[in-house]
Peer 1: 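Sharing a structure with you now.
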Amino acid sequence: MLSLKSKYRTHTCGELTEKNVGETVTLSGWVHRKRDHGSLLFVDLRDNYGITQCVFDGGDENLEKIHPESVIKITGTVVARDAEAINDKIPTGHIEIKSGKWEVLTNADVLPFPVFGDEDTGEELRYKYRFLDLRREKLHNNILMRNKMIKWMRDKMWDLGFSEFQTPLLTADSPEGARCFLVPSRLNHGKFYALPQAPQMFKQLLQVSGFDRYFQIAPCFRDEDLRSDRLLEFYQLDVEMSFVDLPDVQAVGEEVIPELIKTFAPDANVYPEIPHISFDDAMLKYGSDKPDLRNPILISDVSEIFRGSDFGIFANAVENGSVVRAIPAPNSADKPRSWFDKLTDYATKELGLGGLAYIVFGDEPKGPVAKKLDAERIAKLHEIAGDNSSLFFVCDEEEKAAKAAGKLRNKLGADLGLVNPRDFAICWVDNFPFFEPDEDRGGAPKFTHNPFSYPIATLEELSTKDPFTIKAAQFDMVINGIEMCSGGLRNYNPEIMKKCFDIAGYPIEAVEKNFSALYTAFKYGAPPHGGFGFGIDRLISEILGTGESLRETVAFPANQRGQDLLMGSPNEVTEQQLRDVHIKIRNKG
RNA sequence: GGGGUGUUAGCUCAGCUGGUUUAGAGCGUCUGCCUGUCACGCAGAAGGUCGAGGGUUCGAGCCCCUUACAUCCCGCCA
């Protein structure tokens with residue numbers, strides 16, 4: 001490594017130990033904290049590498065007055081601390097600098113919020129002074145860990161034989177679903193570039209060009225409303241491979257991800273199995289296309305148990321095509337009434353359900369539902385729920401019931417403490433339907449995923465089978481209920497591509513127009529290929545356990561309105577700048 | 001576009017059912033004291049248009065309306 005020595009320092013604030021006792025050293029850094037004992041002054045000096053205590057015997061009037069976070073240079077002698085003065089919390093805690101000279105390099109004003117300590121501060125203030133926020137221990141470490149993880153991923157991909165590419169950021173709008181960010185072109189009147197939602201087309205073109213194994217730490221942009229789990233601009237570990245089948249692509253994910261987690265979260269318990277769960281199964285048993293497998297609760301369909309029963313609301317709904325899903329809550333039979341009331345409240349307010357039916361299987365089955373059902377039906381439900389438990393019911397049209405049941409499952413898992421946050425449960429969700437009904441077009445088929453996916457069907461099957469039974473060669477990797485990755489095999493066959501677009505209601509010309517580059521490329525010899533993109537920010541966040549927000553893993557994130565409060569972006573531009581790019585601002589509304 | 005929650009000192013927050021003076025606490029800041037602290041300690045001081053505007057009331061930080069901003073969720077989004 002390059003020496004960190006300079007005229008400002010002989011050592012960093014994190015490296016001095018008992019071995020250095022007696023040396024004269026110079027350190028530079030931020031005044032982290034002062035402890036003024038009158039004629040004895042302690043200064044904790046901090047830099048990127050650590051904290052070193054400097055002691056001024058006899059005190060120092062000028063230094064006593066300096067504000068925390070001022071940057072100073074100190075020269076002094078390394079001395080061993082007395083046994084009772086050793087601080088085991090920091091690596092440099094066995095020594096201190098008995099200081100002779102010091103000088104201010106830059107002064108700090110009084111801080112808008114403390115750098116020292118971990119007191120919560122509002123995001124608005126933190127983002128306005130992000131440079132201060134980034135000095136705080138936790139965020140500073142997050143960013144350093146992000147660096148290390150990205151380097152690890154890059155090295156790993158190189159080791160696996162992939163080549164690293166860059167692709168354009170100023171490119172064309174691509175048909176992936178999300179809105180693109182647009183950039184006006186000065187040289188081309190009335191035309192716009194789009195920032196990529198992902199380098200999808202480029203990485204496929206690189207396959208057609210014969211590069212065989214592609215990866216990129218790729219910036220991606222989507223102009224959609226933000227959430228704590230979505231960033232304005234985010235990064236994907238973007239991968240594409242030629243001459244592969246689904247298992248070959250997934251093998252790369254299985255090679256990289258568990259090892260990444262174990263490397264950067266040594267305390268983590270990574271489940272050894274990575275099960276494959278079909279989309280249909282995921283929706284039924286977990287009520288989600290991103291199941292959290294740490295949660296042991298499994299949902300069941302109990303529509304048939306309620307069909308023809310005296311529980312009229314459900315029985316009628318089932319006759320009219322609705323389904324009933326049951327969510328068992330283990331060891332909850334002795335919960336107080338208020339616990340059930342709170343869940344009912346959650347179901348009605350958050351999930352928009354009419355109410356929440358449940359049976360408590362304590363000494364004997366209890367609850368309004370239980371009274372309406374005969375013994376045989378109760379027995380079947382008891383078997384699903386298990387002893388000393390309760391069983392919750394959601395009744396609605398299938399998709400809504402599944403999703404509501406899934407949310408209830410998550411809620412119960414959290415409330416009952418069934419989920420260990422340092423467990424990592426990885427799974428593949430696959431066998432997605434290739435087409436889904438488009439409500440805007442009277443239920444006609446539309447692409448479920450992006451139109452790049454390959455259908456698991458021959459040309460003939462595409463013509464003869466019910467489109468809604470066709471599955472996609474497409475998968476997600478889900479970790480702890482978070483969608484980390486999406487990938488699959490690509491549609492590289494112009495004939496099959498045309499057929500798929502035909503079924504989805506697009507004229508052939510639309511393929512040639514929207515997919516011009518790929519469609520043309522595929523006519524000159526395209527290898528079968530597939531790949532995936534991992535959400536790097538989500539991976540980092542989950543591995544670090546930062547909890548709530550992806551923004552805690554990014555040095556300069558935008559706020560929820562897509563603004564950077566430090567740089568003041570987005571901002572207004574001058575009339576001349578607008579004229580240069582041929583743009584006129586429309587009035588609001 | 002819709003909904004929840006919030007906005008009180010530089011920061012984090014308390015402030016009960018509308019009525020204890022001059023709206024409080026901790027941290028920070030400032031002043032003084034302190035030779036072994038490491039969240040140092042002790043004493044004191046400054047610091048407030050209670051987001052803004054309007055209303056109800058004898059009386060509003062608290063109730064109502066409008067509005068701004070923040071944050072989270074739904075819609076949207078891989």
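Values below: all heavy atoms of this structure, side chains included; hydrogens, waters and symmetry mates excluded. In what follows, chains carry the letters A, B, and so on, assigned in the order in which the sequence lines appear, proteins first and then strands, with residues in each chain numbered from 1.
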Peer 1: What is the distance, rounded to the nearest whole Å, between atom CG of A:Leu550 and atom C1' of B:C77?
Peer 2: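 The answer, rounded to whole Å, is 13 Å.
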Peer 1: What integer number of Å spans the C1' atoms of B:U56 and B:U8?
Peer 2: 22 Å
Peer 1: Using OP1 and OP2 only, check whether a side-chain N or O of A:Gln563 sits under 4.0 Å from B:A70.
Peer 2: yes
Peer 1: Pick base, sugar-phosphate or nothing for A:Arg538, based on heavy-atom distances below 4.0 Å to the nucleic acid.
Peer 2: nothing
Peer 1: Specify the separation, in whole Å, of atom CG of A:Asn410 and atom C1' of B:C73.
Peer 2: 15 Å
Peer 1: Look at the side-chain N and O atoms of A:Gln560 and state whether any lies under 4.0 Å from the OP1 or OP2 oxygen of B:A70.
Peer 2: no
Peer 1: Which residues satisfy the ring-ring contact (aromatic ring centres under 6.0 Å, His included) test with A:Phe501, sequence neighbours excluded?
Peer 2: A:Phe447, A:Tyr506, A:Phe515
Peer 1: Please tell me if A:Arg126 has a side-chain N or O lying less than 4.0 Å from either OP1 or OP2 of B:A70.
Peer 2: no
Peer 1: Round to a whole Å and report the spacing from CG of A:Leu132 to C1' of B:G10.
Peer 2: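 Interatomic distance, CG of A:Leu132 to C1' of B:G10: 13 Å.
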Peer 1: A:Leu539 CG to B:A78 P: how many Å, rounded?
Peer 2: 18 Å
Peer 1: What is the distance, rounded to the nearest whole Å, between atom CD of A:Glu124 and atom C1' of B:A70?
Peer 2: 6 Å
Peer 1: When you compare B:G19 with B:G2, how far apart are their P atoms, in angstrom units rounded to a whole number?
Peer 2: 35 Å
Peer 1: Rounded to the nearest Å, what distance is computed from the CZ atom of residue A:Arg227 to the C1' atom of nucleotide B:C76?
Peer 2: 8 Å
Peer 1: On a whole-Å scale, what distance lies between the C1' atoms belonging to B:U12 and B:A70?
Peer 2: 16 Å
Peer 1: Pick out which of A:Tyr214, A:Phe215, A:Phe534, A:Phe165 makes a side-chain contact (heavy atoms from CB on, under 4.5 Å) with A:Asp238.
Peer 2: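 Only match with A:Asp238 under side-chain contact (heavy atoms from CB on, under 4.5 Å): A:Tyr214.
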Peer 1: With rounding to whole Å, what would you report as the distance between B:A45 and B:C50 at their P atoms?
Peer 2: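 Those two atoms are separated by 24 Å.
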Peer 1: Work out how far the C1' atom of B:C33 is from that of B:U49, and round it to whole angstrom.
Peer 2: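 Going atom to atom, C1' in each nucleotide, I get 37 Å.
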Peer 1: What is the nucleic acid contact for A:Ile51, judged by heavy atoms within less than 4.0 Å: base, sugar-phosphate only, or nothing?
Peer 2: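 No contact.
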Peer 1: Does A:Lys34 NZ have over 12 foreign heavy atoms under 6.0 Å away?
Peer 2: yes
Peer 1: Report the distance from atom NZ of A:Lys407 to atom C1' of B:G75, rounded to the nearest whole Å.
Peer 2: 11 Å
Peer 1: Taking any heavy-atom pair under 4.0 Å as a contact, classify A:Arg561: base, sugar-phosphate, or nothing.
Peer 2: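 Counting heavy atoms under 4.0 Å across all strands, the contact made by A:Arg561 is with sugar-phosphate only.
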Peer 1: Reckon A:Gly122 touches a base, only the sugar-phosphate, or nothing at all at heavy-atom distances under 4.0 Å?
Peer 2: sugar-phosphate
Peer 1: Measure from the side-chain heavy atoms of A:Ala178 and tell me the nearest of B:C11, B:C77, B:A70.
Peer 2: B:C77
Peer 1: Any donor and acceptor pair, going by atom type alone, linking the side chain of A:Asp476 with main-chain N or O of A:Val478 inside 3.5 Å?
Peer 2: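 Side chain of A:Asp476 to backbone of A:Val478: no pair is present.
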Peer 1: Any chance CZ of A:Phe424 has more than 12 other-residue heavy atoms, nucleotides or ligands included, within less than 6.0 Å?
Peer 2: yes
Peer 1: What is the distance from NZ of A:Lys400 to P of B:C74, rounded to the nearest Å?
Peer 2: 16 Å
Peer 1: Considering only distance and modelled atom types, tabulate donor-acceptor pairs under 3.5 Å from the side chains of residues 56-65 of chain A, sequence neighbours left out.
Peer 2:
{"from": "A:Asp60", "atom 1": "OD1", "to": "A:Asn62", "atom 2": "N", "distance (Å)": "3.1"}
{"from": "A:Asp60", "atom 1": "OD1", "to": "A:Leu63", "atom 2": "N", "distance (Å)": "3.0"}
{"from": "A:Asp60", "atom 1": "OD2", "to": "A:Trp102", "atom 2": "NE1", "distance (Å)": "2.7"}

Peer 1: Tell me, which pairs form a salt bridge (Lys or Arg N to Asp or Glu O under 4.0 Å) where one or both residues lie in residues 276-286 of chain A, sequence neighbours left out?
Peer 2: A:Asp280-A:Lys471, A:Asp281-A:Lys285
Peer 1: Per the atom types in the model, does the base of B:C76 pair as donor or acceptor with the side chain of A:Arg230 at under 3.5 Å?
Peer 2: yes
Peer 1: What stem regions, each of at least 3 consecutive Watson-Crick or G-U pairs below 3.5 Å, can be found for RNA chain B?
Peer 2: B:1-7 with B:68-74, B:10-13 with B:24-27, B:29-33 with B:41-45, B:51-55 with B:63-67
Peer 1: Which part of the nucleic acid does A:Asp120 contact within heavy-atom distance under 4.0 Å: base, sugar-phosphate only, or nothing?
Peer 2: sugar-phosphate
Peer 1: Between A:Arg230 and A:Asp225 (side chain of the first, backbone of the second, donor and acceptor by atom type, cut-off under 3.5 Å), is there such a pair?
Peer 2: yes
Peer 1: So for atom CH2, which belongs to A:Trp428, do other residues, nucleotides or ligands contribute more than 12 heavy atoms lying within a distance under 6.0 Å?
Peer 2: yes
Peer 1: How does protein contact run along nucleotides 29-43 of chain B, one letter per nucleotide 5' to 3', with B for base contact, S for sugar-phosphate only, - for none, heavy atoms under 4.0 Å?
Peer 2: SS---BBBBBSB---
Peer 1: Give me the distance, rounded to whole Å, that separates B:U21 from B:A60 when you measure between the P atoms they each carry.
Peer 2: 14 Å
Peer 1: Sequence neighbours left out, what passes ring-ring contact (aromatic ring centres under 6.0 Å, His included) with A:Phe279? Give chain and number order.
Peer 2: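 Counting only residues at least two positions away or on another chain, A:Phe279 forms a ring-ring contact (aromatic ring centres under 6.0 Å, His included) with A:Phe432.
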Peer 1: Just checking A:Thr121: base, sugar-phosphate only, or nothing, at a heavy-atom cut-off of under 4.0 Å?
Peer 2: sugar-phosphate
Peer 1: On a whole-Å scale, what distance lies between the P atoms belonging to B:A25 and B:G48?
Peer 2: 15 Å
Peer 1: Rounding to the closest angstrom, what is the interatomic distance between B:G18 and B:G61 at atom P?
Peer 2: 13 Å
Peer 1: Other residues, nucleotides and ligands only: do more than 12 of their heavy atoms fall within 6.0 Å of CZ on A:Phe221?
Peer 2: yes
